[in-house]
Amino acid sequence: MSKEITPRAEDYSRWYQDIVLRAELADYAPVKGCMVIRPYGFAIWEKMQAILDRKFRDTGHVNAYFPLLIPESFLRKEAEHVEGFSPECAVVTHAGGAKLEEPYVIRPTSETIIWSMYRKWIQSYRDLPLLINQWCNVMRWELRTRLFLRTTEFLWQEGHTAHATEEEAEREARQMLEVYSEFARSTMALPVIEGLKTDREKFAGAVRTYTIESMMQDRKALQAGTSHNLGQNFARAFEVTFLDQDGERKLVWATSWGVSTRLVGALIMAHSDDRGLVLPPALAPLEIVIVPIYRSDEERGLVLEKAEQIRRELAGKHTVKLDDREQFKPGFKFSEWEMRGVPLRLELGPRDVASGQVVLVRRDTGGKESVAVESVSSAAGMALQEIQQGLYKRALAFREENSVKIDGYGELKEFLARDGGFALVHWAGDSADEERLQEETKATIRCIPLSQEKEAGRCVMTGKPSNGRVVVAKAY
RNA sequence: CGGGGCGUAGCGCAGUCCGGUUAGCGCGCAUGCUUCGGGAGCAUGAGGCCGGCGGUUCAAAUCCGCCCGCCCCGACCA
């Protein structure tokens, strides 16, 4: 195995691929388009799960599990939904040595099977709201795959809720978008723009799709999470009604929302560098690694004793590992842990032991400082906080540097063809105009930001009056 | 589906054009000694149906045909 990672500047996708493989986050599986998520990568996903799951529970949701296989006819019940998903569905036609009466679709998402059950479970307004989430795998037969960012099978969570009123469903969709964006910012150190998808970009079967959009280091946009207001589309398709307080039978209102293992890809592309993975402490499987340095057996004894003492002290508050492997030199260990994105490294050698100090090295900036052994715990805690915040600030600054207001179509095309980034443009076009935009620039409207100042202007494509800007960018 | 590339040891590759002993090199792996503050050195060793099937030939990693798989870039998507 080569020691080098392809530099970002040389080949961005190779760089990304190198990091995923060399940091042992994932590996290619024997099945086309599928990956094996290796223990180190899975540990990151598990941390994401733990934090998100807690947030879902705190907002009143409960977990459940629905089948992997969905009767094909279910998918057809919602017109837009079937149109959107059919092309990418894998279908099971045989089982038990015989052809099936009705084929099963391997779930690309679970709205249909869940709403078939909600029909049984919902009768009265007292059964609402119904707030269920499931953690599972789904399968979408994509033409082109990339580790974590787009694989044929992926892991995600999908929340599916049923409500008595339109307002409540809308509030739920917005609330979960908020949960996602707070998670992205605080935990992933990933700045995101909350916004609304255009009709062309919305979820197949939704009335409205909300999104959080982030910028990767190649200036392309990545959708990091979505939340949908499904209106009554699925309730109508599956005839899910309830008897309201006023004695009237009504269709229920629905939402669904999800984030996937794609977030691991977002994490990599947002923060990492040419030395390897960079992880925010909040999601790092290992926050601190201690690398001992010694020559003689005598030094080894002294250093390891002190290192173990430090490890024990830190272990109460942080995940910490003492790398006492004999077969590797310190230099090798430095590189290896940098490759794997461990936020903080403590170097401890004979000189440090003698002076009662330890060297603390930050993964994000490479900055080194010596601290007294007595204060290592507080210094490490502080450094981790600074890294978490520093990563966010750096990513935010990058996004801002690469976001520009553009008012002319020619200028927009030039911007997208050159360095690219987020173009903030006035828009009043329709779906056909949007299609033209994509054909001519390879970019799409990523979202209509939810929070922005009203500003009168003219649509960059049609010249029609507009009072707000949209984000246009090339996307993953 | 279009364009490009690749399949030879765990990984990265050379060898293929122009067929010919026992198929090489680097890394990694195993053992031992010396090393250890930024990817250590030496010695010894293990490890190959040369992607698959068929053909040509005295002889195929190498030539011919068919097939399979994977990666990258584009069109579709989270």
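Naming convention: chains lettered A, B, ... in sequence-line order (proteins, then strands); numbering from 1 in each chain. It should be emphasised that the depicted structure is a prediction, and the values quoted were computed from it without experimental measurement.
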Flag for [Y]-[X]: side-chain donor and acceptor within less than 3.5 Å:
| X | Y | answer |
| --- | --- | --- |
| E158(A) | H160(A) | yes |
| E170(A) | Y210(A) | yes |
| Q357(A) | R351(A) | no |

For atom [atom1] of [X] and atom [atom2] of [N], their distance in whole Å:
| X | N | atom1 | atom2 | answer |
| --- | --- | --- | --- | --- |
| D18(A) | rC11(B) | CG | C1' | 13 Å |
| Y16(A) | rC71(B) | OH | C1' | 15 Å |
| L143(A) | rA75(B) | CG | P | 11 Å |
| Q327(A) | rG28(B) | CD | P | 12 Å |
| F334(A) | rG37(B) | CZ | C1' | 6 Å |
| K474(A) | rC76(B) | NZ | P | 14 Å |
| Q17(A) | rC11(B) | CD | C1' | 14 Å |
| W15(A) | rC73(B) | CH2 | P | 14 Å |

With heavy atoms under 4.0 Å as the rule, sort [X] into base, sugar-phosphate or nothing.
| X | value |
| --- | --- |
| Q438(A) | sugar-phosphate |
| K333(A) | nothing |
| S13(A) | sugar-phosphate |
| R144(A) | base |
| T226(A) | nothing |
| E336(A) | base |
| L222(A) | nothing |

Across all strands shown, which nucleotide pairs with [N] by Watson-Crick or G-U wobble geometry, both distances under 3.5 Å?
| N | result |
| --- | --- |
| rU57(B) | none |
| rC18(B) | none |
| rC66(B) | rG52(B) |
| rG32(B) | rC42(B) |

Is E338(A) side chain donor-acceptor paired with the rG38(B) base, going by distance under 3.5 Å alone?
->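 Indeed, a donor on one side and an acceptor on the other fall under 3.5 Å apart.
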
Chi angles and distances behind the salt bridge (charged side-chain N to carboxylate O under 4.0 Å, His left out) call for R436(A), D430(A) = CA-CA 10 Å; R436(A) 198 182 125 206; D430(A) 58 20; over 6 Å; no

For the residue pair D27(A) and L21(A), establish whether any side-chain heavy-atom pair is separated by less than 4.5 Å.
->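 They are in contact (side-chain heavy atoms under 4.5 Å apart), so the answer is yes.
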
So, do M188(A) and L283(A) sit near enough that their side-chain heavy atoms are less than 4.5 Å apart?
->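 They are in side-chain contact.
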
So which heavy atom on A204(A) is nearest to which on E80(A), and how close?
->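 What the structure gives for the nearest pair is CB-O, 3.4 Å.
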
Where I132(A) and A64(A) come nearest, the two heavy atoms and their spacing =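 That would be CG2-CB, 3.7 Å.
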
With a 4.0 Å heavy-atom cut-off, tell me which residues in [range] come close to RNA chain B, sorted by residue number.
| range | value |
| --- | --- |
| residues 270-281 of chain A | R275(A) |
| residues 347-372 of chain A | E347(A), G349(A), P350(A), R351(A), D352(A), V359(A), K368(A) |
| residues 38-51 of chain A | none |
| residues 287-295 of chain A | I293(A), Y294(A), R295(A) |

Can you list every pair that meets salt bridge (charged side-chain N to carboxylate O under 4.0 Å, His left out) and has a residue in residues 84-94 of chain A, with sequence neighbours left out?
->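 Of all non-adjacent pairs touching residues 84-94 of chain A, none passes salt bridge (charged side-chain N to carboxylate O under 4.0 Å, His left out).
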
Could you note down all residue pairs passing ring pair (Phe, Tyr, Trp, His ring centres under 6.0 Å) where residues 254-280 of chain A supplies at least one of them, sequence neighbours left out?
->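 Residue pairs with at least one partner in residues 254-280 of chain A: F56(A)-W257(A), H61(A)-W257(A).
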
Passes salt bridge (charged side-chain N to carboxylate O under 4.0 Å, His left out), E287(A) versus K321(A)? Steps please.
-> CA-CA 8 Å; E287(A) 291 169 288; K321(A) 180 186 179 69; over 6 Å; no

Between rA59(B) and rC42(B), how far is it from one P atom to the other, in whole Å?
->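 So the two P atoms sit 45 Å from each other.
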
When the P atoms of rG12(B) and rU8(B) are considered, how many whole Å apart are they?
->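 Roughly 8 Å separates the two P atoms.
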
Please assess E308(A) against R312(A) for the test salt bridge (charged side-chain N to carboxylate O under 4.0 Å, His left out), listing each intermediate value before the final yes or no.
-> CA-CA 6 Å; E308(A) 173 57 20; R312(A) 270 201 301 271; 3.2 Å; yes

May I ask you to evaluate whether R146(A) reaches the phosphate of rC73(B), defined as a side-chain N or O under 4.0 Å from OP1 or OP2?
->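 Affirmative; the distance criterion is met.
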
Check whether any side-chain N or O of Y28(A) sits under 4.0 Å from OP1 or OP2 of rC72(B), and answer yes or no.
->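 Yes, within the criterion.
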
Classify the angle between the aromatic ring planes of W156(A) and F154(A) as parallel (below 30°), tilted (30 to 60°) or perpendicular (above 60°).
->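 The rings of W156(A) and F154(A) stand perpendicular, inter-plane angle above 60°.
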
Q217(A) side chain to R8(A) backbone, donor-acceptor under 3.5 Å =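 Not confirmed, Q217(A) side chain does not pair with R8(A) backbone.
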
Any chance you could lay out the salt bridge (charged side-chain N to carboxylate O under 4.0 Å, His left out) test for K55(A) and E182(A), step after step, and finish with the verdict?
-> CA-CA 10 Å; K55(A) 289 176 187 285; E182(A) 204 281 326; 2.5 Å; yes

From the options R363(A), R22(A), R345(A), K333(A), select the one residue that forms a salt bridge (charged side-chain N to carboxylate O under 4.0 Å, His left out) with E338(A).
->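 Running salt bridge (charged side-chain N to carboxylate O under 4.0 Å, His left out) over R363(A), R22(A), R345(A), K333(A) with E338(A) returns exactly one hit, R345(A).
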
